[in-house]
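So the structure is just underneath, and the comments pick up after that.
This one's a predicted model, so the numbers in the text were calculated from it and none came from an experiment.
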Number of protein chains: 2
Amino acid sequence: MSLPRLRRRELPDATIARLPQYIRCLSQLENAGLQTVHSADLAAHVGVSGAVVRRDLSYVGSYGTRGVGYPVSELRDSVNRALGLATEHRMVVVGVGHMGRAIAGYTGFAERGLRVVGLFDVDPELIGAKAGNPALELLEILPLSDLAGFVSAHDVAIAVIATPAEAAQSVADLLVGAGITSILNLSAVHLSVPDSVVVRPVDLATEIQILAVHAAARERK
Amino acid sequence: MSLPRLRRRELPDATIARLPQYIRCLSQLENAGLQTVHSADLAAHVGVSGAVVRRDLSYVGSYGTRGVGYPVSELRDSVNRALGLATEHRMVVVGVGHMGRAIAGYTGFAERGLRVVGLFDVDPELIGAKAGNPALELLEILPLSDLAGFVSAHDVAIAVIATPAEAAQSVADLLVGAGITSILNLSAVHLSVPDSVVVRPVDLATEIQILAVHAAARERK
DNA sequence: AACTGTGAAGTGGTTCACAGCA
DNA sequence: TGCTGTGAACCACTTCACAGTT
């Protein structure tokens with residue numbers, strides 16, 4: 001009998017994306033008083049196959065019982081731990097247009113261990129105004145010139161770029177200089193950053209375009 | 001010598017996502033008077049390798065010249081055609097919060113062959129108000145009860161769900177009933193729809209969570 | 001009998017490396 | 001010589017299918 005593998009505890013991105021969905025489902029089950037859950041139940045809730053769920057849970061190192069299922073609350077704790085939800089990750093949002101406000105005001109970050117702590121913009125009309133999640137304290141919008149100081153003072157590692165495309169690269173340079181290591185890029189352009197910095201691009205226009213191309217292909221067929 | 005393969009002209013999603021970036025770059029080069037471009041140039045602009053660019057362009061069936069490169073304007077036309085940019089794809093946005101407004105007001109859709117033609121919400125305070133891209137005509141926000149009629153009357157195939165999680169599934173049901181075939185789901189929950197309907201989920205909180213988990217892993221190391 | 005955990009095969013996409021052609 | 005076009009290897013993730021365990 002070999003010990004459970006302790007080596008690389010690297011979660012695939014696809015798994016990380018599903019774990020919070022399992023957590024939400026597990027919390028509901030726990031409230032409903034359920035003690036155990038099958039991979040198939042979680043699978044149905046998240047819209048994947050049971051095999052995916054079992055594979056995901058094998059990564060978090062939490063074991064179910066063959067023939068029975070998974071213990072609901074232990075499993076939820078394990079998944080929480082795998083996601084590192086004990087520590088709060090602070091982030092800043094640069095660009096307080098509609099998209100920036102949508103993120104600043106999103107109420108679902110707390111349960112994911114995330115928190116927006118700073119808002120930045122160049123527009124003098126916006127600077128000094130307040131925005132954010134009304135359930136927490138509203139945040140004052142600060143000028144970009146305060147960004148570097150703020151990031152180091154508040155030990156922020158994650159930034160969201162929600163500026164127009166033209167400003168995105170210069171904001172990224174600023175963020176990197178300030179010590180940010182992870183960037184969510186909502187602008188439509190590719191950002192050049194050092195290898196030590198991780199960028200995830202999300203472009204809603206591109207997502208819709210993918211839908212449109214497939215829709216056109218289906219119509220044609 | 002075998003004819004160029006005419007069979008499945010299916011573009012991979014990853015390729016579809018990059019083509020608009022090539023287009024933007026090609027337009028710039030064309031304005032600058034350049035006649036030809038190397039795969040490496042496009043690659044640098046988009047942040048991928050030259051091999052990816054060549055593979056992508058081989059899908060669109062546009063041929064460069066070995067030893068020389070690609071003809072800029074012919075290539076742009078080919079890419080435009082591959083993306084089906086000649087026909088305009090109409091879409092509706094359901095949920096006119098910050099996220100919905102960000103999409104309704106986005107000015108980059110036109111160059112991608114996309115257009116928001118309808119806005120819908122349940123909030124009586126919002127219904128009747130106007131929102132959208134100020135460069136075009138502003139759109140009146142309509143009640144959900146108008147959705148089905150609107151979709152069939154205006155031949156809309158694509159919808160964006162930008163509602164809170166609780167409303168998302170019922171909105172999806174409504175959209176499917178109305179004949180929508182493609183949905184961009186910005187809510188955090190999985191949507192159940194018939195196989196004939198394509199859903200692309202985009203959850204910004206999840207994207208940030210992926211960054212946070214990786215950041216935590218790097219710190220730990 | 002029921003359900004987990006996981007090798008092994010399959011899939012979609014990227015990277016390598018090089019043959020082919022101007 | 002220089003750059004394209006593309007088989008083949010590779011990689012990350014999913015799916016299959018079944019052995020293992022209670």
Side-chain angles (χ1 to χ4, degrees), chain A residues 1-19 21-22 34-44 46-72 74-75 78-79 190 200-201 206 210 213-214, chain B residues 1-19 21-22 34-44 46-72 74-75 78-79 198 200-201 206 210 213-214:
Chain A
M1 157 206 153
S2 61
L3 290 172
R5 305 279 188 84
L6 289 180
R7 50 182 77 166
R8 276 286 128 254
R9 218 138 274 309
E10 280 295 340
L11 301 174
D13 287 354
T15 296
I16 298 174
R18 284 185 295 264
L19 292 182
Q21 305 188 68
Y22 300 149
L34 274 287
Q35 305 266 323
T36 62
V37 62
H38 303 328
S39 60
D41 303 336
L42 290 168
V46 176
V48 295
S49 71
V52 167
V53 173
R54 295 197 298 277
R55 181 82 62 188
D56 286 343
L57 298 185
S58 80
Y59 285 120
V60 320
S62 158
Y63 300 132
T65 306
R66 294 170 200 234
V68 178
Y70 298 87
V72 171
E74 282 90 327
L75 181 55
S78 296
V79 176
H190 168 76
R200 282 189 78 84
T206 291
I210 292 170
V213 171
H214 289 322
Chain B
M1 159 208 151
S2 61
L3 290 171
R5 304 280 189 82
L6 289 180
R7 48 182 77 166
R8 280 283 132 253
R9 214 130 285 307
E10 281 295 341
L11 302 174
D13 287 353
T15 296
I16 298 174
R18 285 185 293 264
L19 292 182
Q21 306 187 67
Y22 300 149
L34 274 287
Q35 306 266 324
T36 62
V37 60
H38 303 328
S39 60
D41 302 336
L42 290 168
V46 176
V48 294
S49 72
V52 167
V53 173
R54 296 197 298 278
R55 181 82 60 188
D56 286 342
L57 297 184
S58 81
Y59 286 119
V60 319
S62 156
Y63 300 134
T65 308
R66 295 171 200 234
V68 178
Y70 299 88
V72 171
E74 282 90 328
L75 181 55
S78 296
V79 176
V198 179
R200 281 189 79 85
T206 291
I210 292 170
V213 171
H214 290 322

Checklist line | Distance, nearest 0.5 Å, that separates NE2 of B:H214 from CD of A:E10 | finding: 7.0 Å

Margin query: Below the 4.0 Å mark, does D:dT4 have OP1 or OP2 next to a side-chain nitrogen or oxygen of B:S39?
Written below: yes

Item checked: Distance, rounded to the nearest Å, where B:L19 contributes CG and C:dG13 contributes P -> 13 Å

Next item on the list: Identify, with sequence neighbours excluded, every residue that meets salt bridge (charged side-chain N to carboxylate O under 4.0 Å, His left out) alongside A:D41.
Entry: none

Next item on the list: With sequence neighbours excluded, tell me which residues meet salt bridge (charged side-chain N to carboxylate O under 4.0 Å, His left out) with B:R200.
Entry: A:E207, B:D13

Notebook entry, point to check: What residues form a side-chain hydrogen bond (donor to acceptor under 3.5 Å, both in side chains) with A:S78, not counting sequence neighbours?
Noted result: none

Next item on the list: Identify, with sequence neighbours excluded, every residue that meets side-chain hydrogen bond (donor to acceptor under 3.5 Å, both in side chains) alongside A:Y22.
Entry: A:D56

Notebook entry, point to check: Phosphate oxygens OP1/OP2 of D:dG5: is one of them under 4.0 Å from a side-chain N or O of B:Y70?
Noted result: yes

Notebook entry, point to check: D:dT6 C1' sits how many Å from B:L57 CG, rounded?
Noted result: 14 Å

Item checked: Interatomic distance, B:Y63 OH vs C:dC21 C1' [rounded to whole Å] -> 15 Å

Checklist line | For atom NE2 of B:H214 and atom C1' of D:dA12, their distance in whole Å | finding: 12 Å

Margin query: Each nucleotide in nucleotides 13-22 of chain D should get exactly one letter: B, S or -. Can you fill that in based on protein heavy atoms under 4.0 Å?
Written below: SSB-B-BBBB

Next item on the list: With sequence neighbours excluded, tell me which residues meet side chain to side chain contact (heavy atoms under 4.5 Å, CB included) with A:T206.
Entry: A:D203, A:I210, B:A17, B:R112

